[in-house]
Visitor: 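Sharing a structure with you now.
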Amino acid sequence: MLTITRTDLARIIDHCNAGYPNEMCGILGGRDGRVEKVYCMTNVRPGPVSYEMDPEEQFRVMKDIREAGLAMVGMFHSHPGGHAYPSSVDVERAYWPGTRLPNYPSAVYVIVSLLDRANPVARGYVIEEGRVSEMPLTVLEQQEDHGIAH
Amino acid sequence: MGVKVRIPTPLQKLTNGKAEVECSARNITELVDALEKDYPGIKERLSEGGKVRRFINIYVNDEDIRFVNKEATVLKDGDTISIVPAIAGGCR
């Protein structure tokens with residue numbers, strides 16, 4: 001289970017909408033399965049069916065998360081014209097190249113479908129050892145503000 | 001010459017669970033060879049045909065080697081090298 005505030009989820013969806021029709025992406029910092037900080041990232045392979053986080057930005061954010069005493073609890077990206085389920089490319093890229101070893105074993109891959117733009121759908125998944133399992137997102141209604149980074 | 005290498009989780013099976021190792025190398029190519037000597041199998045995970053694999057990013061301190069001198073990027077004593085898998089995908 002990954003817990004996220006309604007505010008943070010709205011920020012993720014806003015970022016995904018802002019880049020429509022291209023895929024957008026980001027990193028989720030937090031602890032104990034709870035998102036505490038949303039990082040909106042640059043997609044260096046912008047397109048409606050592809051994303052790759054800016055490597056330097058990714059490195060900086062991962063360092064920031066470590067220094068804040070947090071962990072990378074997840075990452076997100078959008079499927080502007082697809083369902084909220086990992087594609088075969090998403091699954092392949094979740095593994096170390098040429099292996100079935102997950103790159104980020106405990107991280108939750110959140111996918112935002114904008115297929116129906118009026119009703120975006122966000123779902124979380126864990127991708128490990130050749131298996132994709134849904135990891136339910138629990139949305140907290142209180143308006144806690146953990147801040148956002150760019 | 002000693003440098004520290006931060007090993008990502010998927011490769012820690014090859015380094016006996018160690019998240020950080022030390023080795024001696026003057027550049028990235030030498031570093032990959034030095035790691036292979038201590039941790040057999042790691043070279044094939046990191047590189048292909050002498051080049052760092054696509055979707056694997058290597059940083060010397062805070063610098064991405066692609067923007068320095070790629071595999072020829074020079075290392076100096078005390079440098080920290082981070083090996084970080086890219087986060088990528090696509091709805092295809």
Visitor: According to a hydrophobic-cluster definition based on side-chain heavy atoms being under 4.5 Å apart (Ile, Leu, Val, Met, Phe, Trp, Tyr only), do A:V139 and A:V121 belong together?
Guide: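 A:V139 does not cluster with A:V121.
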
Visitor: Taking all atoms of both residues into account, what is the closest heavy-atom pair of B:D62 and A:F59, and its distance?
Guide: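 Scanning both residues, the minimum pair turns out to be OD1-CE2, 3.5 Å.
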
Visitor: Taking A:H77, A:H83, A:H79 one by one, which has the highest count of heavy-atom pairs under 4.5 Å against chain B?
Guide: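 Max contact count across the listed options: A:H79.
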
Visitor: Between A:V49 and A:V89, is there a shared hydrophobic cluster once you connect ILVMFWY residues whose side-chain heavy atoms come closer than 4.5 Å?
Guide: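 They do not share one cluster, since no chain of ILVMFWY contacts under 4.5 Å joins A:V49 to A:V89.
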
Visitor: For A:L101 and B:R45, which heavy atoms make the closest approach, and how far apart are they?
Guide: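 Looking at all heavy atoms of both residues, the shortest contact is CD1-NE, 4.1 Å.
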
Visitor: Can you tell me if A:Q58 uses its side chain to pair, donor with acceptor, with the backbone of B:P85 under 3.5 Å?
Guide: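 Yes; at least one donor-acceptor contact below 3.5 Å.
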
Visitor: Please identify which of these residues, B:I87, B:V84, B:N57, B:I56, meets the side chain to side chain contact (heavy atoms under 4.5 Å, CB included) condition with A:P55.
Guide: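 Considering B:I87, B:V84, B:N57, B:I56, a side chain to side chain contact (heavy atoms under 4.5 Å, CB included) with A:P55 is found only for B:N57.
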
Visitor: Please flag which part of A:I27 lies under 4.5 Å from any non-hydrogen atom of chain B: side chain, backbone, both or neither.
Guide: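 Contact with chain B involves the side chain of A:I27 alone.
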
Visitor: Checking B:R66 against chain A: side chain, backbone, both or neither under 4.5 Å from a heavy atom?
Guide: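 Contact with chain A involves the side chain of B:R66 alone.
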
Visitor: Report yes or no: do B:I28 and B:F67 belong to one cluster of Ile/Leu/Val/Met/Phe/Trp/Tyr joined by side chain heavy-atom distances under 4.5 Å?
Guide: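 Shared cluster, no.
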
Visitor: Spell out, yes or no, whether A:M24 and A:V112 are grouped together once hydrophobic residues are joined by side-chain heavy atoms under 4.5 Å, including indirect joins.
Guide: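 As far as the 4.5 Å side-chain criterion goes, A:V112 and A:M24 are not connected within one cluster.
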
Visitor: Relative to chain B, which segment of A:Y104 carries a heavy atom at a distance below 4.5 Å: side chain, backbone, both, or neither?
Guide: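 Only the side chain of A:Y104 comes within 4.5 Å of chain B.
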
Visitor: Could you tell me whether A:D32 atom CG has more than 12 heavy atoms of other residues or ligands within 6.0 Å of it?
Guide: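 No, because the 6.0 Å sphere around CG of A:D32 holds 12 heavy atoms or fewer from other groups.
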
Visitor: State, to 0.1 Å, how close B:T9 and A:P105 come at their nearest heavy-atom pair, and which atoms those are.
Guide: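 Closest approach of B:T9 to A:P105: CG2-CG, 3.7 Å.
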
Visitor: Measure the NZ-OH distance between A:K63 and B:Y59 for me, rounded to the nearest 0.5 Å.
Guide: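 Here the interatomic distance stands at 12.0 Å.
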
Visitor: With chain B, which of A:N43, A:T99, A:N103, A:V91 has the greatest number of heavy-atom pairs at distances under 4.5 Å?
Guide: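 It is A:N103.
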
Visitor: What's the separation between atom CZ in B:R6 and atom CE in A:M62, rounded to the nearest 0.5 Å?
Guide: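 Interatomic distance, B:R6 CZ to A:M62 CE, rounded to 0.5 Å: 9.0 Å.
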
Visitor: Show the nearest heavy-atom pair for residues A:E52 and B:A86, with the distance to one decimal.
Guide: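 Closest heavy-atom pair between A:E52 and B:A86: OE2-CB, 4.2 Å.
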
Visitor: Between A:E92, A:R66, A:R45, which residue shows the highest count of heavy-atom pairs closer than 4.5 Å to chain B?
Guide: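 When all of A:E92, A:R66, A:R45 are compared, A:R66 has the most.
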
Visitor: Are A:Y51 and A:Y85 connected, step by step, through hydrophobic side chains (Ile, Leu, Val, Met, Phe, Trp, Tyr) whose heavy atoms are closer than 4.5 Å?
Guide: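 Yes: a chain of side-chain contacts under 4.5 Å links A:Y51 to A:Y85.
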
Visitor: If I measure from the heavy atoms of chain B, does A:E23 come under 4.5 Å with its side chain, its backbone, both, or neither?
Guide: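 Contact with chain B involves the side chain of A:E23 alone.
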
Visitor: Test your reading of the model: is there a side-chain donor-acceptor pair from A:S87 to the backbone of B:G90, 3.5 Å cut-off?
Guide: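 Yes, because the side chain of A:S87 sits within donor-acceptor range (under 3.5 Å) of the backbone of B:G90.
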
Visitor: Counting only heavy atoms closer than 4.5 Å, note whether A:M75 contacts chain B via side chain, backbone, both or neither.
Guide: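 The side chain, not the backbone.
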
